[in-house]
Structures are given as C-alpha cells and as structure tokens.
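Down below is the structure, laid out as structure tokens.
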Protein chains: 2
Amino acid sequence: MTPTAAVHETPRADHQGRRERKKRRTREALVEAAFELFQEKGFDATTVEEIADAVDVSSRTFFRYFASKEEVVLTFQEEQFAAVLEELLARPAGEPVMTALRKTCVSVLRACEDGAFGFDPERFVCIQEMMESSPAVLGRSLEHGQKKQADLTRLIAQRMGVDPSTDLRPHVAAGAATCAFRSAFDAWAMGVTGDKRFSDVLAEIFRLLEEGINYPSKG
Amino acid sequence: MTPTAAVHETPRADHQGRRERKKRRTREALVEAAFELFQEKGFDATTVEEIADAVDVSSRTFFRYFASKEEVVLTFQEEQFAAVLEELLARPAGEPVMTALRKTCVSVLRACEDGAFGFDPERFVCIQEMMESSPAVLGRSLEHGQKKQADLTRLIAQRMGVDPSTDLRPHVAAGAATCAFRSAFDAWAMGVTGDKRFSDVLAEIFRLLEEGINYPSKG
DNA sequence: ACGACAACTGTCAGGCCATGACAGTTTGGC
DNA sequence: GCCAAACTGTCATGGCCTGACAGTTGTCGT
C-alpha cells in the first residue's frame, strides 16, 4: 500500500494496548467533532482543517484516518451495512430471499432510528439531510453502496444455493434491495410518504417488490 | 445563478449565429480532446489544464462549459437518458410498464453499442472502463442517475395514470429500472455474463424482474 | 530498565480542482 | 457605427488531498 495507509483498517481491535486505544479515541473524536460542525454549518462549509483543529490534530492526520471528508459520514453506512449482513446470516434458512432481506433491512434501519448501536438518532437524520444537500456525500454514498452490493450478492447466492458467477438472480435480488433503499429514500425525501418513518416506507417498498412489479399502464 | 453560469445550458440551439456555433464547436472540441486524453492516460491522470490546452482555451473557460471534470463523461449519460425518456413516450399506451421500460432501455443501450446517435462505440466502452477505474466518475454517474430517476418516476406515473405523490409504485418501477442498469453493469463488469453484450444482460435482468423476485432459499 | 524497532504525528511543499473578480474582446441588434 | 450583452483570459484564492521527511511515542525483547 501507500506509505500513508497506516491506520485505515481495524476500527475495532480493543484492549490491545495504549496505542490502539489512542487511535480509537482520536477517530471517534474526529467523527464527533465533524458531525457537530456539519450540523452547525453544513457539510460543504465545514473544512477539514476545522475538524482537525477541533480535535487538536493536524489536517494531515485527519487524512490518515479518513481517505476523504465524505468518509466520515460513510462510517455509519459502513456499520449499518455490516449489521445487515450479520442479521441476514441469522435469518431462518428456509425463508424466501426477499422476505429475509426485507426483515433484516427494516430491522436494522429501525434500530438506527431508535438509536441502537450507539447511533444517535439525531445524527441519523443529519446524515440524511446531508445526502440531499451535498451532492458529494450522496455520490460517495451511492458509490459505497454499489461496492458493497457485491458482498450482499455473494451472501444471497449462498443462501439460494446457487453460483453467483453464472446465475444472475442473486445479482438481481441484491440490486433490488439497494434499489429499495434508494427508492424509499427518494420517496421519503420528496415527502411522498407523509410523516411515515423511513423504515416503514422501506418495508412498504419491499412488499411492493415482492408482490411483483408488472404494473399495467393506465386503464 | 452564479455570475459564471453563462453557458451551462443549451447544448443545442443551432444555426443561431456565429456565437452559438462557436460555443458548440468549443464544447465538442473539449469533449473530443478530453476523451482522447482519458483513453491515453486515464481519467485521473488527465488534468483539466491539459484538456483546455489541447483546445487552446484557458482552464477557466473549461469550467464555464462543464461544472466539473466528471461532467464531460456524463454528457453521454445525459443524452442516453433523454433518449430513454423520448422512446418511452413513443411506446404503445397499453403496454405494461416494465415491458415498455425494458424495450426502451434495451433499445437505447443497443443503439449506443452500435454507434447510433453519433456515439462512438469505442468511446462507450471507454466510459464503462472509467466507471470501474475512477471512483469519482462512478460516484457522479450514480448521483446523476439518482437525480434523473425523479423524472422517470413522473413519466411512469403518468403512464400508469396514478399520482406519484401518493402512490409508491411508480417510484418502485423507476427504481427497478435504474437497479436493472446497475445490476447489469455489475454483473457485466464482474465478467459473470461471459461475452454477452451489455444490452443483452440488461434485457435478461429486466426479464427476471418481470418474472418476480420472490426467490426461495436453498432447497 | 533500556534500547531497537515500529507506528503514529506534525510540518512543509506541492498539485489539482473549482470559483469569484475584473478587464479585454467578440458578437448581435439597432 | 455603437452599445449592451455574451464570452474569454488572467489573476488570485481557497479547499482537498498526497508525498517526503523528521520528530515523537508506544511496544517488545532482553
């Protein structure tokens, strides 16, 4: 790797000595300071230098913890996604794929909204607002999601007992799941859904997908 | 708008005098030069200054034609999307939504591959390679697609004769279409599909979506 | 403890992207 | 021809991100 890619992995690995603890603290402090500033003045108006200053480290150091300013935001998406994969593994084996996906996705999302994981629900809203207001964040998020979709595809293929390198169906299922997230976010952001919770919208979209989407044209 | 946002619209508007013609020529020359450089040294390794120099304009002028380096690439996606909307409008009214979407999307994509529109098919491949190699391009593309999905949603709602501000189904259908594109690209990029054409993969994915995705788990 | 070694951080320098301000040139309309 | 609008170039600036190098701190073996 590059000579500067020292820290980028292992946000876990606790109790492994003072150094690990310090790293962990610094990272958390950076996330904390960043979100405080984001909430106060918005993502774009917040500079990396300000974030670093708030934690009293150099901006150079910031970039040793996060590859970009956007990556701070994606920290949560990362954890969320990991949670989905984990819960999906725990679903009963016989359950149809989309049902399992719906239940895990909705469950994880709802947990976020309720502030599980140590997620601050307020921060969760903040992230969603930044997606709307800062194209860079949205872009990175989508990009990140696209990359993670590959992992999900593998897991689904395993669950279906098929080979993802010859069968397109797991790709479709994984795509449908991310599509559900995005459509839900879309509709939710556009205010289509009234005051429903994001997780409820997601559940509804999943149901629609399961019912089939061969909609007739006007008539 | 900002005082620098003079040109950003109307890539059309021909025969309207020397000025319009010059603008059009400059824009096309920039695109041409940019892609030549992209193909030669890659997206990231190509600087805006080089592109501008190749056309003998200042980099400042480049940014009056394109809001970012990535936008040069998205020019084509833009046209592609416009073509999809146009063809979709021309589909027979009674046709089921997903069928209409499949036929138009596949048709447009195939036209691109065959070099219609004045698209250079080789360039079309170049774009797809850049998506894989340059995260920035992929991110912007996804972002752009997400934004355009709103337009598609409206059109679909109209075709279904429902209100997109209360009915989630058009959102789902539009999401499914973009999901199809992305899954197809994924699978195609991963080499899952052998030597099939991208458009064929897309058609297959659409078919799978239409058949329903309530896949059973292993058994 | 102590010293060697690795890991982490700060400083410095620099490149690229993107934008505002301003002045000069070209174009179109009258 | 002349004026106003549109377009471009130059200059200056700010923010993001990275490589290089030196200094500091933690770790581990002895």
Side-chain angles (χ1 to χ4, degrees), chain A residues 1-11 13-27 29-30 34 37-38 41-53 55-74 134-137 139-140, chain B residues 1-11 13-27 29-30 34 37-38 41-53 55-74 134-137 139-140:
Chain A
M1 293 288 129
T2 71
T4 356
V7 191
H8 283 191
E9 324 81 29
T10 58
D14 326 71
H15 313 296
Q16 296 243 353
R18 192 197 314 289
R19 186 173 284 164
E20 300 298 325
R21 255 177 293 137
K22 268 199 176 178
K23 276 191 343 191
R24 190 176 181 76
R25 260 195 307 235
T26 304
R27 188 188 168 89
L30 281 171
L37 287 163
F38 291 161
K41 7 188 321 188
F43 180 85
D44 294 320
T46 306
T47 71
V48 170
E49 199 182 351
E50 288 171 323
I51 301 172
D53 280 353
V55 186
D56 204 46
V57 296
S58 69
S59 5
R60 189 66 187 84
T61 293
F62 173 92
F63 284 110
R64 288 197 254 253
Y65 281 88
F66 303 97
S68 68
K69 197 169 65 165
E70 290 85 9
E71 205 179 285
V72 178
V73 181
L74 297 190
S134 299
V137 178
R140 296 269 190 169
Chain B
M1 288 292 129
T2 69
T4 357
V7 191
H8 283 192
E9 323 82 29
T10 60
D14 325 73
H15 314 296
Q16 297 240 354
R18 190 196 318 284
R19 186 174 283 163
E20 300 299 327
R21 253 178 294 136
K22 268 197 177 178
K23 276 191 344 191
R24 190 175 181 75
R25 259 197 305 238
T26 304
R27 188 188 167 89
L30 281 171
L37 287 163
F38 290 163
K41 5 185 329 188
F43 181 85
D44 294 319
T46 306
T47 72
V48 171
E49 199 181 353
E50 288 171 323
I51 301 172
D53 278 353
V55 186
D56 205 46
V57 296
S58 70
S59 11
R60 189 65 188 85
T61 293
F62 173 92
F63 284 110
R64 287 197 257 252
Y65 281 88
F66 303 96
S68 69
K69 197 170 68 166
E70 290 85 9
E71 205 179 284
V72 178
V73 181
L74 297 190
S134 300
V137 178
R140 295 268 189 169

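Lettering of chains follows the sequences in order, A, B, ..., and the numbering in each one begins at 1.
- Between A/F63 and A/R60, the closest side-chain pair of non-hydrogen atoms falls below 4.5 Å.
- The separation between B/F66 atom CZ and D/dC7 atom P is 15 Å, rounded to whole Å.
- A distance of 9.0 Å separates CD1 of B/I51 from CZ of B/F66, quoted to the nearest 0.5 Å.
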Under 3.5 Å between N/O atoms: give me all the protein pairs with nucleotides 14-16 of chain C, atom names plus distance.
none

Completion exercise
In B/S/- notation (B base, S sugar-phosphate only, - none; protein heavy atoms under 4.0 Å), nucleotides 24-30 of chain C written 5' to 3' is --BBS--
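- Ranked by how close their nearest DNA chain C nucleotide is to the 5' end, A/S58 and B/S59 are led by A/S58.
- Considering only heavy atoms from C-beta on, A/T61 stays 4.5 Å or farther from A/V55 through its side chain.
- Rounded to whole Å, the distance from CZ on A/R60 to C1' on D/dC21 is 12 Å.
- Of the N and O atoms on the side chains of A/E70 and A/S68, at least one donor lies less than 3.5 Å from an acceptor on the other residue.
- Between B/V72 and B/L30, every side-chain heavy-atom pair lies at or beyond the 4.5 Å cut-off.
- Separating the CG atom of B/D53 from the C1' atom of D/dG9 is a distance of 13 Å, rounded to the nearest angstrom.
- A search for ring pair (Phe, Tyr, Trp, His ring centres under 6.0 Å) contacts involving B/F43 returns B/F38, not counting sequence neighbours.
- Between the CZ atom of B/R64 and the C1' atom of C/dT19 there is a distance of 10 Å, given to the nearest Å.
- Looking at B/E20, its side chain never comes within 3.5 Å of a backbone N or O of B/G17 through a donor-acceptor pair.
- Place B/R140 and A/F62 on DNA chain C by their nearest nucleotides, and A/F62 ends up nearer the 5' end.
- Among D/dT18, D/dA20, D/dG9, the nucleotide with an atom closest to any side-chain atom of A/F63 is D/dT18.
- Put simply, the side chain of A/K23 does not reach to within 4.5 Å of the side chain of A/R27, judged on heavy atoms.
- Taking only side-chain nitrogens and oxygens, A/Y65 comes nearer than 4.0 Å to OP1 or OP2 of C/dT9.
- At whole-Å resolution of the value, CG in A/D56 and C1' in C/dG10 are 11 Å apart.
- By the 6.0 Å contact criterion, CD on A/E49 is open, its count of non-hydrogen atoms from other residues, nucleotides or ligands being 12 or less.
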